[in-house]
Amino acid sequence: SFLSLSLSHTHTVNHTRAHTPPRKPMQTEEKDIRELKLESNKGRTAEVDVVLQQILKLERRIFPKHESLASTMQLDLKKKNLGVLFAVDHHPCNVDEQHTDTVCVAGYVIYSFTSSLAASIVKLAVRECYRKQGYGQALLKAAIVKCQTRPICRVTLHVDPTREAAMGLYKKMGFRTDTIVLDYYAPRRDAHRMFIDFDKP
């Protein structure tokens, strides 16, 4: 089942806690970030299937086929070293003409633990009509919090430098470029490998 992700000990998804100054109205609402778990098909609820299908649809829509994880995601989600968080909007925008689902996934983030001391942000995607509203930042912060539930020292990610919004978000969150990986996405389409370090536990 999917569970509400408790972030009661952090302010990662709320931009207006009592001890922080208010920001622009578009970014003051607390985002509803939840965790998707697919341990087995047995006992899986219809709502979980709705969320999963929306994530798969977004994955196919946003990413080119050779970058998409849609074909393997259901198997990947059962791996113990991989997790998925998604943002829910309770007042969905009409992005699909036949949108009748009770839950609307505004975006999602996939992370994995690559070693005992490191984790990676595998994917971060936000539905078109929810962009520039703080969802990407909320999802990324929540994923980092989840990664830090293990004694990691570093979180890494790869990003296309031509995706200026993504680059800006990662830099804002403290990520730095480690190296340029040539032909990472496709021939002549490189990636910046970025990282953020944490103090050793």
Side-chain angles (χ1 to χ4, degrees), residues 5 7 10 12-13 15 23-24 26-27 31 33-36 54-73 76-77 79 81-87 95 105-150 152-199:
L5 174 62
L7 296 176
T10 181
T12 55
V13 295
H15 302 292
R23 297 185 181 182
K24 296 179 181 180
M26 287 294 288
Q27 297 187 358
K31 308 305 182 188
I33 308 295
R34 305 182 186 185
E35 183 175 10
L36 180 65
Q54 287 190 42
I55 289 176
L56 291 174
K57 188 173 183 179
L58 282 174
E59 180 77 8
R60 294 188 184 99
R61 177 189 299 172
I62 294 173
F63 298 100
K65 187 175 182 179
H66 66 279
E67 294 179 32
S68 173
L69 299 178
S71 62
T72 61
M73 189 176 294
D76 290 340
L77 288 178
K79 297 177 181 178
N81 69 323
L82 187 142
V84 176
L85 306 177
F86 62 98
V95 292
V105 175
Y108 61 93
V109 60
I110 304 174
Y111 62 92
S112 68
F113 294 98
T114 55
S115 72
S116 60
L117 295 176
S120 174
I121 303 299
V122 180
K123 283 289 180 72
L124 175 61
V126 177
R127 195 186 293 270
E128 291 88 342
C129 62
Y130 291 109
R131 292 173 184 173
K132 298 183 180 180
Q133 297 180 43
Y135 282 98
Q137 182 172 333
L139 284 162
L140 183 58
K141 285 185 176 181
I144 291 173
V145 169
K146 290 294 287 185
C147 290
Q148 289 183 294
T149 59
R150 298 189 188 183
I152 64 165
C153 298
R154 172 172 288 197
V155 175
T156 62
L157 58 83
H158 290 83
V159 60
D160 185 336
T162 64
R163 293 178 175 172
E164 296 180 0
M167 286 288 292
L169 171 61
Y170 298 143
K171 289 180 180 178
K172 179 180 178 181
M173 294 291 294
F175 283 84
R176 294 178 292 164
T177 297
D178 176 40
T179 187
I180 297 175
V181 184
L182 300 177
D183 303 329
Y184 180 81
Y185 294 105
R188 299 183 181 179
R189 188 162 170 240
D190 307 333
H192 280 215
R193 187 175 71 192
M194 305 184 76
F195 72 96
I196 184 170
D197 283 339
F198 304 99
D199 293 335

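Numbering of residues begins at 1 and proceeds along the displayed sequence.
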Shortest non-hydrogen separation from [X] to [Y] and the atoms involved:
X: I152; Y: A119; answer: CD1-CB, 4.0 Å
X: D190; Y: P161; answer: O-CD, 3.6 Å
X: A87; Y: Y135; answer: CB-CD2, 3.6 Å
X: R163; Y: P64; answer: NH2-CD, 4.4 Å
X: A166; Y: V159; answer: CB-CG2, 3.9 Å
X: V155; Y: C147; answer: CG2-CB, 4.2 Å

Which value, rounded to the nearest 0.5 Å, describes the distance between [X] atom [atom1] and [Y] atom [atom2]?
X: T156; Y: D197; atom1: OG1; atom2: CG; value: 10.0 Å
X: L77; Y: T72; atom1: CG; atom2: OG1; value: 9.0 Å
X: M173; Y: I121; atom1: CE; atom2: CD1; value: 9.0 Å
X: L82; Y: I110; atom1: CG; atom2: CD1; value: 6.5 Å
X: F195; Y: T179; atom1: CZ; atom2: OG1; value: 11.0 Å
X: S112; Y: N81; atom1: OG; atom2: CG; value: 6.0 Å

Discussion item. Pairing donors with acceptors under 3.5 angstrom, does anything connect the side chains of Q54 and Y108?
Written reply: no
The ring-ring contact (aromatic ring centres under 6.0 Å, His included) partners of Y184 (sequence neighbours excluded) come to H158
### Backbone N/O of V105 and side chain of R127: donor-acceptor pair under 3.5 Å
yes
Those residues at least two apart in sequence (or on a different chain) that pass side chain to side chain contact (heavy atoms under 4.5 Å, CB included) with T177 are H192, M194
L56 meets the side chain to side chain contact (heavy atoms under 4.5 Å, CB included) criterion, sequence neighbours left out, with L52, Q53, R60, A70, M73, Q74
R189 meets the salt bridge (charged side-chain N to carboxylate O under 4.0 Å, His left out) criterion, sequence neighbours left out, with E67, D160
Residues at least two apart in sequence or cross-chain that pass side chain to side chain donor-acceptor pair (under 3.5 Å) with K171, listed by chain then number, are none
Y111 meets the side chain to side chain donor-acceptor pair (under 3.5 Å) criterion, sequence neighbours left out, with none
- Query: Are the side chains of L140 and F175 in touch, meaning some heavy atoms are under 4.5 Å apart?
  - Reply: yes
